[in-house]
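Step one of this worksheet: look at the structure below.
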Amino acid sequence: MLDIQLLRNDLDNVAARLASRGFALDTVEFARLEAERKKIQTLTQELQAKRNASSKQIGIAKSKGEDVSTIMAEIANLGDELKAAEDALSALQTPLNALLMSIPNTPHATVPVGKSEEDNVEVSRVGTPRSFDFPIKDHVELGEKLGLDFETATKIAGARFSLLRGNLARLHRALAQFMLDTHTLDHGYTEVYVPYLVNAESMRGTGQLPKFEEDLFHVPRTDAEKLYLIPTAEVPVTNMVRGEIVDSATLPLKFVAHTPCFRSEAGAYGRDTRGMIRQHQFDKVELVQLVKPEHSEATLESLTAHAEAILQALELPYRKMALCTKDMGFSAAKTYDLEVWLPAQNTYREISSCSNFEAFQTRRMQARFRNDSGKPELLHSVNGSGLAVGRTLVAILENHQQADGSIHIPAALQPYMRGMTHLSLTT
RNA sequence: GGAGAGAUGGCCGAGUGGUCGAAGGUACUCCCCUGCUAAGGGAGCGUAGGGUUUAUAGCCUUACCGAGGGUUCGAAUCCCUCUCUCUCCGCCA
């Protein structure tokens, strides 16, 4: 959510920045609603003040045993008037608030302006794609012999689910363990275990609701509030500080969580149907930091480097992309995508997305700290995948495949496999 | 799942229709006093909005006592729904 003060004071400039990411803000409609709001809110508050003063007088008079019928008569119509004003105000604030909640974040000044993902800018490229002296296979073909079973998963749950067996399942688990250990022990994050089902308020806090409900799985309940399956650990972890004023001495807060993620991928029917690139359920290790505003830019850089460290340790070639204005997510002010090399697709594919949300999420959830002058101030939130576990498994299979179809296990991962150096076909 | 009790400001804790945004205590901040890591005296100390304003200062004002609705001139206090916490019983990983 943007700062409504900013919209009031600098509407055209905000609209221009939003236009750069392809969002058309109806400034005329906004200004109209705002003018109406101001008029009616002032009126409502005046009536409320009048009611409060009169009620107080009645109280005083009654305590003295005086007659109150004169005052009562004076405000006989006040109730209806006030009710009408309050109704008009809320009838106005509902669309205004809905509009505010549906406006995406303004891009940071350093974000490249662009019209599609074609305009994303490559920031760096690390590692060299291997040259193979044998015909390479993709992860689906490699996985067939190693315990990757889509047919059974489809029988159990449906399309876009996967089932792993034996050492392949173990490698998947080892990847998550390795990532968690690296981020906690080397990068200073605190590991958290969190709920995988969250309420609507949490989804609003990080920006999934109200706009992207169709991308979420939810659990209906008869009496109680509807619960949603998390599409990323960002939701439960960031909402840890919702409504809190955190002690500034504890900043920055650095959390890492390994969770499954559930996405209905409503708009992606034809894409990546083969393999485990795009699934309804996948595991991810997520990095979340809550920092003082002046630190969020630098935090995005360091957090992205923490994710990159995993790719480097796993000997996976990748490139770092600065997303252009059009390609960024709803809540982000600036985003780097890390794209891993997938030899079978002969291209780089997203494996991590690291974003600075500035105060966009924390404003929605009123997550603050007390600044040096003692006033509560909104935190900034920064997060990123470190990394998507399923896609990392895909990358390991494809990049470290051998001529015989076995998979070389990167040295960093071997301790997590009790010294195993290869994933062999007999598993 | 059954029975009961509760939810008030950073914390503890009063307050069952009227001058309550909320006593008191404690913590914290500032000042005074005091020959010393203490005690005492005084003052301040919630959040989010709106209006005014050069102003995130001041002033005026609204809302907020778990959440949402309702009754009333007036609700922390009464009514309804929900959420959560605690105690006992049952069940269970």
Side-chain angles (χ1 to χ4, degrees), chain A residues 1-10 30-31 33-94 96-97 99-101 193 195-205 209 219-228 236 239-251 292-294 358-359 362-380:
Chain A
M1 186 165 75
L2 296 179
D3 184 358
I4 191 157
Q5 302 288 358
L6 196 64
L7 284 161
R8 286 182 189 138
N9 299 332
D10 205 10
F30 179 83
L33 286 171
E34 251 302 291
E36 268 303 284
R37 189 226 95 231
K38 182 167 171 175
K39 195 175 91 186
I40 296 186
Q41 184 165 356
T42 305
L43 171 69
T44 305
Q45 292 191 353
E46 277 170 6
L47 292 171
Q48 284 170 331
K50 193 169 159 191
R51 178 204 61 195
N52 289 347
S54 301
S55 294
K56 190 171 273 191
Q57 276 184 11
I58 291 172
I60 294 168
K62 275 200 169 180
S63 70
K64 292 179 185 165
E66 293 169 2
D67 177 49
V68 295
S69 57
T70 316
I71 311 175
M72 294 286 271
E74 264 177 38
I75 55 170
N77 298 322
L78 190 63
D80 292 340
E81 243 180 289
L82 183 58
K83 183 83 168 65
E86 282 173 341
D87 288 349
L89 184 60
S90 76
L92 214 75
Q93 269 172 342
T94 302
L96 199 55
N97 205 38
L99 176 64
L100 196 61
M101 290 292 272
Y193 171 81
Y196 303 154
L197 293 168
V198 302
N199 56 34
E201 196 48 46
S202 294
M203 285 296 186
R204 268 191 289 276
L209 290 180
V219 182
R221 296 195 292 175
T222 47
D223 278 347
E225 211 185 334
K226 177 158 67 170
L227 291 175
Y228 295 84
N239 273 281
M240 285 167 66
V241 295
R242 190 177 82 225
E244 301 289 323
I245 300 176
V246 305
D247 182 354
S248 66
T250 66
L251 297 175
K292 292 181 182 178
E294 61 267 32
E358 298 180 340
T362 53
R363 184 175 294 109
R364 287 171 167 235
M365 60 175 82
Q366 285 298 303
R368 294 163 293 170
F369 70 103
R370 216 167 273 286
N371 63 23
D372 293 339
S373 58
K375 289 288 174 199
E377 187 176 336
L378 293 170
L379 289 160
H380 278 195

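Naming: A, B, ... by sequence-line order, numbering from 1 per chain.
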Should Arg370(A) be listed as having a side-chain N or O under 4.0 Å from OP1 or OP2 of G10(B)?
no
Gap between atoms CE and C1', on Met1(A) and G49(B) respectively (whole Å)
12 Å
When the distance from CD1 of Ile40(A) to C1' of G49(B) is rounded to whole Å, what number comes out?
17 Å
d(CG, Leu82(A); P, C73(B)) in whole Å
12 Å
Could you pull out the closest heavy-atom pair between Ala61(A) and Val68(A), with the gap in Å?
CB-CG1, 3.7 Å
Please tell me which of the listed nucleotides, C73(B), G49(B), U19(B), lies nearest to the side chain of Gln41(A)?
G49(B)
Apply side chain to side chain contact (heavy atoms under 4.5 Å, CB included) to Arg364(A) and Met101(A), showing your working.
CA-CA 9 Å; Arg364(A) 287 171 167 235; Met101(A) 290 292 272; 3.7 Å; yes
Within residues 44-52 of chain A: residues closer than 4.0 Å to RNA chain B (heavy atoms):
Gln45(A), Gln48(A), Ala49(A), Arg51(A), Asn52(A)
Give Gln5(A) one of three labels, base, sugar-phosphate or nothing, depending on what nucleic acid heavy atoms sit under 4.0 Å from its own.
sugar-phosphate
Both Gly59(A) and Leu78(A) contact RNA chain B. Taking the nearest nucleotide for each, which residue is further toward the 5' end?
Gly59(A)
Using atom names, set out every protein N or O paired with an N or O of nucleotides 64-72 of chain B below 3.5 Å, distance rounded to 0.1 Å.
none

Using atom NZ of Lys375(A) as one end and atom C1' of A55(B) as the other, report the distance to the nearest whole Å.
14 Å
Of the nucleotides G51(B), A48(B), C73(B), which one has an atom closest to the side chain of Thr42(A)?
G51(B)
Determine, stepwise, if the pair Ser202(A) / Asn199(A) fulfils side-chain hydrogen bond (donor to acceptor under 3.5 Å, both in side chains).
CA-CA 6 Å; Ser202(A) 294; Asn199(A) 56 34; 3.1 Å; yes
What's Lys62(A) touching, base or sugar-phosphate or nothing? Going by heavy atoms closer than 4.0 Å.
base
Please determine whether a side-chain nitrogen of the Lys or Arg among Glu201(A) and Arg204(A) lies less than 4.0 Å from a carboxylate oxygen of the Asp or Glu.
yes
Length of the line joining Gln366(A):CD and U47(B):P, which is rounded to integer Å
12 Å
Quickly work out the Ile75(A) CD1 to G18(B) P distance and round it to whole Å.
17 Å
Suppose we define a pair by two distances each less than 3.5 Å, Watson-Crick or G-U wobble; what does A93(B) pair with here?
none
Any side-chain to backbone donor/acceptor pair from Thr362(A) onto Leu378(A)? Under 3.5 Å, distance only.
no
Heavy-atom closest contact (Arg51(A) atom, Leu82(A) atom, distance):
NH1-CD2, 3.5 Å
Want to settle it: does Ser63(A) or Ile58(A) sit nearer the 5' end of RNA chain B, counting the closest nucleotide to each?
Ser63(A)
Pairing partner of C84(B), by Watson-Crick or G-U wobble and under 3.5 Å for both distances, is G6(B)
Tell me if a side-chain donor or acceptor on Ser63(A) pairs with a main-chain N or O of Ile60(A) at a distance below 3.5 Å.
yes
Taking only the side-chain heavy atoms of Ile60(A) (C-beta and beyond), determine which of A48(B), C73(B), U19(B) contains the nearest atom.
U19(B)
Does the side chain to side chain contact (heavy atoms under 4.5 Å, CB included) test come out yes or no for Gln48(A) and Thr44(A), once each step is laid out?
CA-CA 6 Å; Gln48(A) 284 170 331; Thr44(A) 305; 4.0 Å; yes
Could you tell me whether Asp247(A) atom CG has more than 12 heavy atoms of other residues or ligands within 6.0 Å of it?
yes
Rounded to whole angstrom units, what separation is found between the CG atom of Leu100(A) and the P atom of A48(B)?
17 Å
Counter-base of A55(B), judged by Watson-Crick or G-U geometry with both distances under 3.5 Å:
none
Arg242(A) side chain vs Met365(A) backbone, donor-acceptor pair below 3.5 Å
no
Taking only N and O in the side chain of Lys38(A), is any of them less than 4.0 Å away from OP1 or OP2 of U52(B)?
yes
Between C1' of U83(B) and CD of Glu201(A), the distance in whole Å:
13 Å
